[in-house]
Chemist: 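Sharing a structure below in structure tokens format, with a few things to ask.
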Amino acid sequence: WWPMYEEGGPDQPRELTGKCEMELEILSKEDAEAKPAGKGQEEPNENPHLDPANRPATSFLWFTSPWKSLRYIIWNNYKWYILGGFILLLVVAMVGLFIYSAPGALSEKLIAKL
């Protein structure tokens with residue numbers, strides 16, 4: 001791994017911004033002539049051949065799959081807030097329905113007794 005630094009100003013220190021994995025291959029002249037690299041329109045993944053990257057499931061663009069962004073970003077971070085808000089909304093709805101229907105039910109019971 002090769003460290004990559006951002007040069008600060010004259011009064012600022014260098015800041016590590018990342019690391020780069022690099023492979024160097026020292027060849028003899030005959031081998032270099034047999035395996036030329038970077039000439040014309042050759043396929044860039046030939047010498048050496050690299051396998052496709054194995055990216056995690058969270059590597060995505062949010063606008064191509066909004067449900068993935070909901071699942072990995074919003075749900076993982078705010079799961080308990082969402083569930084608590086949903087339960088609070090249900091409790092408020094139940095209390096509101098009780099307050100709305102209680103006077104009618106009480107008056108029916110009072111009239112039925114008379």
Chemist: Taking side-chain contact (heavy atoms from CB on, under 4.5 Å) as the test, write out the residues that go with Asp31, two or more places apart.
Modeler: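 Asp31: side-chain contact (heavy atoms from CB on, under 4.5 Å) contacts with Leu27, Ser28.
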Chemist: Would you compute the distance between atom CD1 of Ile87 and atom CD1 of Ile82 and round it to the nearest 0.5 angstrom?
Modeler: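 That separation rounds to 12.5 Å.
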Chemist: Report whether Leu88 and Leu83 are members of the same hydrophobic cluster (ILVMFWY, side-chain heavy atoms less than 4.5 Å apart, transitive linking).
Modeler: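 No: no chain of side-chain contacts under 4.5 Å links Leu88 to Leu83.
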Chemist: Sequence neighbours left out, what passes side-chain contact (heavy atoms from CB on, under 4.5 Å) with Lys29? Give chain and number order.
Modeler: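 So Lys29 forms a side-chain contact (heavy atoms from CB on, under 4.5 Å) with Glu33.
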Chemist: With rounding to the nearest 0.5 angstrom, report the CH2 to CH2 distance, Trp75 to Trp80.
Modeler: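 The distance works out to 8.0 Å.
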Chemist: Could you work out, with side-chain contact (heavy atoms from CB on, under 4.5 Å) as the rule, every residue matching Trp2, not counting sequence neighbours?
Modeler: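 By the side-chain contact (heavy atoms from CB on, under 4.5 Å) rule, Trp2 matches Met4, Met22.
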Chemist: List the residues meeting side-chain contact (heavy atoms from CB on, under 4.5 Å) with Lys19, not counting sequence neighbours, and say none if there are none.
Modeler: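 Trp1, Leu16.
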Chemist: Do Tyr5 and Thr17 come within less than 4.5 Å of each other through their side chains, counting heavy atoms only?
Modeler: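 A side-chain contact is absent here, since even the closest heavy-atom pair is not under 4.5 Å.
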Chemist: Which side-chain N or O atoms in residues 94-108 pair as donor and acceptor under 3.5 Å with protein atoms at least two apart or in another chain?
Modeler:
residue	atom	partner	partner atom	Å
Ser101	OG	Leu97	O	2.9
Ser107	OG	Pro103	O	3.2
Ser107	OG	Gly104	O	2.9

Chemist: If I take atom CD from residue Gln12 and atom CD from residue Glu7, how far apart are they, to the nearest 0.5 angstrom?
Modeler: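 The distance works out to 11.0 Å.
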